[in-house]
Amino acid sequence: MNLITIMILISITLTTILALVSFWLPQMTPDYEKLSPYECGFDPLGSARLPFSLRFFLVAILFLLFDLEIALLLPLPWGDQLSTPLLTFIWATTVLALLTLGLIYEWLQGGLEWAE
């Protein structure tokens, strides 16, 4: 047998074993933790038409905004290889300063407070 056939057989065997174990492993009887509301406060067994807290979604959007900051600043270490690295770092500093000012504004307005 060649190497590709052996690797395919190992992959199929491992996948089959993991799929079978995943059916037997979980606990099938619901306990208190499985029946309790999720972290956001929704009742998983109740109606889906109940009013929800807008504050939860505002905090989630803030999290996404500051998470996007990481994606924008990820290529920064390669910025020193450009023809004008100083300009790249000035723009990165501008983005960080703007986001920091936004965070301070949200903090002062009480947008980060979970409970009222």
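Counting begins at 1 with the first residue of the sequence.
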Other cluster members, L87 - Ile/Leu/Val/Met/Phe/Trp/Tyr, side-chain contacts below 4.5 Å |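 Hydrophobic cluster check, L87: joined to W91.
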Considering residues at least two apart in sequence or located in another chain, which fulfil the side-chain contact (heavy atoms from CB on, under 4.5 Å) criterion with L20?
->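 Result, side-chain contact (heavy atoms from CB on, under 4.5 Å) vs L20: T16, W24.
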Just how far is it from atom [atom1] of [X] to atom [atom2] of [Y], taken to the nearest 0.5 Å?
X   : Y   : atom1 : atom2 : result
I12 : I17 : CD1   : CD1   : 12.0 Å
L9  : L14 : CG    : CG    : 12.5 Å
T93 : L98 : OG1   : CG    : 12.0 Å
T5  : N2  : OG1   : CG    : 3.5 Å

Heavy-atom side-chain proximity of L65 to L99 below 4.5 angstrom |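 Result yes, sub-4.5 Å side-chain heavy-atom pair found.
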Shortest non-hydrogen pair, L96 vs T100, comes out as O-OG1, 2.7 Å
Inspect the surroundings of CG in L18 and state if more than 12 heavy atoms from other residues, nucleotides or ligands are less than 6.0 Å away.
->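 Yes, CG of L18 has more than 12 neighbouring heavy atoms, counting only those of other groups under 6.0 Å.
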